[in-house]
Each structure stands twice: as structure tokens, then as C-alpha cells.
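Just so you know, residue 1 is the first one in the sequence shown, and it goes up from there.
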Amino acid sequence: MEDSLIQVKFLNHKHSVHINRGETVLDAAKKAGVYINSPCGGMGLCGKCRVLIKSGQTRITAEERKFLSPEELEKGFRLACKAVPEGDLAVQAEEKKTESKILSTGVLNGELKFQPALGVKDVKIPKLELGCEKSYSGLLEEKLPGASYDLSILRELADITASGEDSFRAVMVGSQILTLKRGQASQSLFAVCFDIGTTTIAGELVNLSTGESVDSVSAGNEQGGYGADVLSRINYSSQSSENLKDISDVIVSQIDELISRLCVRSGIEPETVYSLFVAGNTTMLQLFAGINCSNLGKIPFINVLGRGTLLKAKEVGLKNLFPEGDVYLMPVIGGFLGGDTTACIAAANLNSEKQKLQLLVDIGTNGEIVLNNYGEITAASTAAGPALEGAKISCGMRADTGAVDECSLDGGDINCGCIGSGEPEGICGSGLIDAIACMLEAGVINMMGHFTDKPESLPDGIQTRIQKKNGEMEFVLSDSGSKHVSITQRDIREFQLAAGAIRAGINILLKRSGLKFSQLDEVLLAGGFGAFLNVENACRAGLLPCESTGCVSRISSIGNAALAGVKRVLLDSSAKEKLEIDCREIKHVELSVDTDFQMEFSEAMLFPQIS
């Protein structure tokens with residue numbers, strides 16, 4: 001049996017694991033806890049999971065010959081998802097980027113009431129003497145009428161009273177006693193709130209005694225090794241209970257580590273963090289809770305979670321949180337309209353605004369669209385795919401160091417800016433939108449998305465960027481340094497699919513309400529992506545259905561609204577209760593069965609003419 005095992009060493013991570021013959025380097029990385037970016041979920045379709053083989057052999061596959069040049073193959077570069085070790089292997093995996101554009105702040109519309117469910121109550125009980133017929137639990141109930149507790153509280157009560165103390169503090173969430181603290185224990189209570197996105201995670205540590213934010217943290221979602229989009233992760237987790245546990249453990253461990261980081265930096269003990277409130281799309285929430293997602297991967301896309309779900313930290317497997325502390329998952333509207341959408345609604349206060357026409361759009365791998373028609377709310381989700389977050393784009397990458405994140409026309413050429421001070425290595429979503437808009441404006445591509453057949457009519461600087469590589473047209477953004485960064489005809493098509501899906505979804509909701517985009521009082525863009533994009537370019541590139549440049553002034557970003565919204569329900573228990581009730585009244589429009597969607601989608605694939 002031992003002879004069938006192969007050792008794989010990840011040199012720059014100092015990890016070593018054994019895998020079975022026939023398993024891949026990507027399989028080994030998952031076992032070792034080494035993150036390798038694999039947007040296509042290990043299907044060999046994206047070519048992004050590059051590793052360098054330092055010693056040992058793998059058989060070169062057709063997929064590797066497609067994505068890697070002969071020179072790269074000669075040097076030892078392979079695709080982790082296709083590289084099957086023939087014997088022991090030493091691998092160098094790409095290091096995680098250190099500089100990322102992940103937004104962890106958002107805007108709260110309307111007044112925030114500070115009335116958290118979690119609080120501390122001082123309790124003083126008399127010492128009982130011989131002949132007294134009362135019990136200490138009876139006295140506790142007298143001091144805290146209607147309070148509920150379990151065996152752990154009785155044990156704590158016995159320890160406190162046995163030591164001769166008669167004063168203590170009860171940490172409570174609503175009427176439930178979480179723990180009893182001796183004497184004059186600190187009254188400071190802490191909680192954390194997280195937005196678990198498909199691509200990125202953002203979290204915040206909050207002092208529940210004051211309502212103030214103590215610290216924030218963000219990171220790329222380490223489930224990315226299982227695929228860039230939710231369907232890849234649903235597919236993987238549905239294959240076996242072991243796979244479900246694997247992918248669930250990844251996100252639970254990452255959240256646990258991020259909570260620990262917040263505590264260490266802020267100098268507080270994890271035992272004083274009593275609650276975790278979580279926003280995320282339906283798939284992310286169910287995977288975090290270790291719930292089978294296979295029903296979300298097939299029509300009619302049924303979710304297990306519904307109204308806000310309350311769990312215990314120890315149930316989830318979190319170690320850097322009070323063990324009996326509450327873990328609250330935001331309510332789910334239905335299907336792919338998950339807790340991130342309800343959190344955005346809470347942040348924007350849409351469920352309380354009855355005097356406006358508002359559109360809320362959370363642009364990401366899965367685009368969520370919410371229309372407030374003077375208090376009547378309809379919502380839809382659309383599978384935009386991961387193109388806007390760098391996947392399925394030939395030179396695409398996350399918004400990390402080296403990513404082209406903005407482009408602009410300057411005379412007869414295009415200028416590109418990138419994250420960090422080094423050379424461009426790829427292009428992220430905001431840069432892709434800018435580049436597409438510039439290409440349209442300069443006449444490089446037409447409304448169909450095809451490259452011009454008259455490049456000689458364009459300025460010299462633009463002309464030189466239009467090239468042909470491997471028989472396919474491309475527009476070169478950067479050819480300096482070691483990386484060739486360009487946009488191909490296939491990339492343009494991927495963008496059209498993503499932008500068309502979002503624009504078609506918006507049009508369907510507006511049509512059902514008898515409205516036009518120009519009639520809206522305001523358009524709110526939620527999510528980190530929405531905060532970094534150039535709104536005019538987004539309209540020019542067809543991401544939003546602007547009928548004229550005048551619409552642009554009504555479009556604004558509210559940042560990471562999911563994180564802001566989950567923080568609102570953490571700090572305001574009445575907002576939490578209202579949101580749970582209101583979410584049941586929201587009309588869910590299932591675009592996959594809407595008879596008009598395919599027509600709208602086909603039309604939205606064309607780039608618009610902005611007047």
C-alpha cells in the first residue's frame with residue numbers, strides 16, 4: 001500500500017503530503033492546505049493553475065501544451081490540475097499576492113439604531129442559609145425573569161456561588177444566558193461580522209458595548225482552488241460527503257484564522273467574541289454551514305436555508321469564538337438570492353424606503369438585482385460568470401498586485417494603470433471594463449464586439465496594439481516586462497456574456513414594473529467591484545442600460561454593502577427582525593424561466609450606443 005503513495009513537496013510553502021497514484025498536484029495542494037488559483041475548478045479549461053516542477057516527472061498533457069509554451073514546458077511549468085506525478089515530486093507553487101483591492105467598507109443609508117441583542121446584566125444574589133427553601137438557580141431566575149439557560153450555566157453558577165461570590169455578570173443574547181462572568185469582569189463585548197464572497201472575504205470586529213468598529217480584515221476566498229464560480233464548487237461538493245467536508249473546512253478554517261488575526265491585532269481574547277454574523281450568497285452560506293448544495297446545482301435551484309439561521313460556534317467548528325456563541329446566517333430570499341442580497345437591502349435601507357424608485361445592483365460572479373418600486377421590492381439573480389473577476393479571461397486575474405485596473409484614452413493611444421508599482425501581469429474586472437469602453441470609443445471594436453476590418457484608419461498608437469496571435473485577433477495593453485497582457489476576441493465575448501446577463505436582468509425587472517432606467521431616482525452599486533469601476537465606462541461598455549449620459553449622475557457606489565448590512569443587523573436587533581419579516585414579502589423573479597429573458601439577453605449582448 002505504501003508503494004502506491006507518492007510524496008509531493010511544496011517547496012515555498014514548506015508543506016509535504018502523500019497522494020495516491022493517479023491524483024494530481026492540485027489534489028495534493030488541497031490536502032496540504034496550499035492555495036493554488038484554479039478558476040475552472042480543475043477542469044483544465046483556464047490555464048491559470050501554473051506550478052513549477054523542481055524535481056520529479058509528470059507526463060505532459062494536451063491541455064498543458066495548449067496553455068503553456070514549449071519554452072515554459074521545458075523549464076518545468078505545468079498545470080496543477082493536469083500534472084499527475086509519476087513519482088515523488090518537488091513543486092514550487094505561486095505565492096499569494098500581497099496587495100489586493102478588496103473593499104471592506106460600505107455605506108449605510110438611513111439612521112442606525114444601536115440596540116444589539118447581545119448585552120451584559122449585573123446580577124447580585126444573596127447567600128443562602130440553612131433552612132432556606134430557595135435554590136441558586138431560582139434566585140438567578142428571579143433576577144433575570146424569563147431567561148433561558150443550559151447545563152453549562154448551572155455549572156458556572158455552582159462554581160461562582162461555591163467560591164463565596166455573590167455578584168457576577170450575565171452575558172445574554174436576548175433572553176438566553178450565554179455565560180456568567182465573575183465579579184467585576186470587563187463589560188466589553190465583541191462580535192464579528194463577515195461577508196463571504198465567492199472571490200473575496202471581508203470582515204469586521206465590533207465592540208458591542210460602544211458600537212464602534214475595532215478592526216477590519218480582508219482576503220481572497222481560499223475556496224478558489226475548487227473553482228472560480230459557485231457552480232464549480234457545487235459540483236465538487238456534491239460528489240461525496242468527503243468533498244463537502246473538504247470545501248466546508250476550507251472556509252470555516254479561513255474565517256477562524258481571520259477572527260484570530262483580528263483578536264491578536266486588537267489585543268482581545270477570542271473568548272470575549274460572542275457572536276458571528278455572516279452574509280454570503282446561498283452557496284457560500286450553505287458550504288460554510290456544511291450543508292449539501294446539490295439542489296442549487298439543478299433546476300429549480302432550491303435552497304435549504306431560508307429565514308435567518310442561528311447556529312453555535314462549536315457546531316460550525318470555529319475555535320476562535322466563544323464556544324456557545326451565536327453564529328447568525330443572514331436570511332435567504334430564494335435560489336441564488338442569498339444572504340448577501342438581504343444584507344445589501346439592509347444597508348441600503350430599501351425595505352424602509354417607500355418614496356423612491358431605486359435599483360440596487362451587486363455585480364460579481366453572480367449578479368444580484370433588486371428593484372424598489374415605492375416600497376414594492378422585486379429581486380432577481382443572474383449568472384454573470386467570473387469574467388468580471390478575472391476568470392475565463394486570457395490574461396485575467398484578481399485585483400491583486402500587477403493587475404491592470406484602469407485604462408483611458410489619451411490622444412491617439414491608450415494608457416493603463418496597474419495595482420502596485422511593478423509591471424502589468426494581467427487584467428482585473430475594472431480594467432477590463434475600461435479597456436472595452438476605450439476600444440469601443442476608439443473604434444477598435446464595433447457594437448457586435450468584432451475587431452475593426454479597417455485598422456489603418458485608427459491612430460498609429462492604437463493600430464500597433466491590434467495584433468494577431470495564434471490566428472486570433474488581440475488588443476495589446478502591455479508588452480513590457482515579462483508578461484504580455486492583451487484582450488482577445490474570445491475575452492470580448494466572455495465580457496459580453498457577463499455584461500449581457502446583468503443588463504438583461506435589470507431590463508426584465510424594469511419591464512415587469514413598467515419602468516425605464518431613466519425614471520429611477522437612484523442606482524446603487526454594491527460590492528467592492530462596483531466601488532472600483534468607472535461608471536461612465538461601465539455604461540459605455542453595456543454593463544448598465546443607460547439610455548443617455550444623463551443617467552450617470554444618478555449612479556453611485558455604496559461599497560461593500562453586504563458587510564455594512566450584516567453589521568446593521570448585528571447592531572440593531574429591530575432591523576434584524578424587520579428584515580426577516582420583509583424578506584418573505586420580496587417577489588423573487590426567476591430569470592431562468594422568464595420567457596422574455598433570452599430575447600433581452602440576446603439584445604444586451606450588443607454594445608449600446610450612448611447619446
Side-chain angles (χ1 to χ4, degrees), residues 102-110 112-118 173 189-198 200-208 211-219 221 251 254-255 258-259 262 273-286 288-289 305-311 313 316 318 321 325-333 337-352 360 362 364 368 370 524 526-528 530-531 558-580 582-583:
I102 301 176
L103 191 67
S104 58
T105 57
V107 177
L108 282 178
N109 287 340
L112 172 64
K113 296 178 182 177
F114 180 55
Q115 45 186 15
L118 194 70
V173 54
L189 305 175
F190 298 93
V192 282
C193 47
F194 273 87
D195 169 32
I196 303 177
T198 309
T200 59
I201 299 172
E204 201 167 323
L205 175 66
V206 181
N207 186 331
L208 288 183
E212 296 177 349
S213 294
V214 180
D215 196 6
S216 62
V217 68
S218 61
N221 188 329
I251 193 63
Q254 187 176 15
I255 293 295
L258 292 173
I259 293 173
L262 287 168
V273 182
Y274 291 99
S275 290
L276 165 63
F277 277 47
V278 184
N281 65 49
T282 314
T283 305
M284 293 301 100
L285 291 183
Q286 291 194 186
F288 176 71
L305 297 176
R307 62 185 183 184
T309 303
L310 198 60
L311 308 169
V316 179
L318 295 165
L321 200 72
D326 287 339
V327 176
Y328 178 75
L329 308 183
M330 292 290 285
V332 171
I333 296 170
L337 285 170
D340 50 353
T341 305
T342 55
C344 288
I345 289 171
N349 219 21
L350 290 190
N351 56 324
S352 297
L360 172 69
D362 189 354
E368 290 87 23
V370 183
L524 306 173
I558 54 174
N560 191 332
L563 184 60
V566 76
K567 182 180 175 183
R568 166 169 263 156
V569 300
L570 167 67
L571 294 178
D572 183 358
S573 56
S574 66
K576 173 174 168 287
E577 293 169 7
K578 178 174 172 31
L579 182 66
E580 289 207 2
D582 291 345
C583 281

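- With a 4.5 Å cut-off on side-chain heavy atoms, Leu337 and Thr282 do not count as touching.
- Counting heavy atoms from C-beta on, the side chains of Phe288 and Val278 come closer than 4.5 Å.
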When you look at Leu285 and Val332, which way does the side-chain contact (heavy atoms from CB on, under 4.5 Å) test go after all the steps? CA-CA 9 Å; Leu285 291 183; Val332 171; 4.2 Å; yes
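- Contact check for Gln254 versus Asn221: side-chain heavy atoms found under the 4.5 Å cut-off.
- Atom-to-atom distance recorded for Met284:CE and Phe194:CZ is 15.5 Å, nearest 0.5 angstrom.
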Criterion side-chain contact (heavy atoms from CB on, under 4.5 Å) on Leu208 and Tyr274, from CA distance to verdict: CA-CA 10 Å; Leu208 288 183; Tyr274 291 99; over 6 Å; no
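- Judged by distance alone, the side chains of Ser213 and Lys567 do bring a donor and an acceptor atom under 3.5 Å apart.
- When all heavy atoms are compared, the tightest approach of Ala526 to Asp362 is O-OD1, 3.2 Å.
- Under the rule for a salt bridge (charged side-chain N to carboxylate O under 4.0 Å, His left out), the partners of Asp582 that lie at least two apart in sequence or sit in another chain are Lys578.
- Within the 4.5 Å cutoff, side-chain heavy atoms of Leu571 are placed close to those of Val206.
- Using a 4.5 Å cut-off on side-chain heavy atoms (C-beta onward), Ile345 and Ile333 make contact.
- Between Ile201 and Asp195 the shortest side-chain heavy-atom distance does not fall below 4.5 Å.
- Separating the CD atom in Gln286 from the OG1 atom in Thr309 is a distance of 9.0 Å, to the nearest 0.5 Å.
- The minimum heavy-atom distance linking Gly339 with Ala279 is given by the pair O-CB, 3.8 Å.
- Looking at Thr200, its side chain never comes within 3.5 Å of a backbone N or O of Gly197 through a donor-acceptor pair.
- In this structure, CG in Leu118 is found 8.0 Å from CG in Asp326, a value given to the nearest 0.5 Å.
- Counting only heavy atoms from C-beta outward, the side chains of Ser275 and Val192 never approach each other to under 4.5 Å.
- Here SG of Cys344 is found 6.0 Å from CD1 of Ile558. Values are rounded to the nearest 0.5 Å.
- Closest of all the heavy-atom pairs between Ala346 and Leu579 is CB-CD2, 4.0 Å.
- Shown here for Ala202 and Leu563, the closest heavy-atom pair between the two residues is O-CD1, 3.8 Å.
- In this structure, SG on Cys193 lies 10.0 Å from CE on Met330, to the nearest 0.5 angstrom.
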Please lay out, stage by stage, how Asp340 and Glu368 fare under the test side-chain contact (heavy atoms from CB on, under 4.5 Å). CA-CA 9 Å; Asp340 50 353; Glu368 290 87 23; 3.7 Å; yes
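- A distance-only check finds no donor-acceptor pair linking the side chain of Asn349 to the backbone of Ser352 [under 3.5 Å].
- Lys576 forms a cation-pi arrangement with Tyr328, by the criterion of a distance under 6.0 Å to the ring centre and an angle within 45° of the ring axis.
- Residues passing the side-chain contact (heavy atoms from CB on, under 4.5 Å) test with Asn207 are Ser188, Phe190, Ser209, Thr210, Val214, sequence neighbours excluded.
- Side chains of Gln115 and Ser574 form a contact here, defined as non-hydrogen atoms less than 4.5 Å apart.
- Applying the side-chain contact (heavy atoms from CB on, under 4.5 Å) rule to Glu577 yields no partners; only residues at least two apart in sequence or on another chain are considered.
- Nearest heavy-atom pair, Val273 versus Ala191, reported as atom, atom and distance to 0.1 Å: CG1-CA, 4.1 Å.
- Exactly one of Leu276, Val316, Ile255 qualifies for a side chain to side chain contact (heavy atoms under 4.5 Å, CB included) with Leu321. That residue is Leu276.
- We find the CG-CD distance between Leu570 and Glu204 to be 9.5 Å, quoted to the nearest 0.5 Å.
- When every heavy atom of Thr342 is checked against every heavy atom of Pro331, the shortest pair comes out as OG1-O, 2.8 Å.
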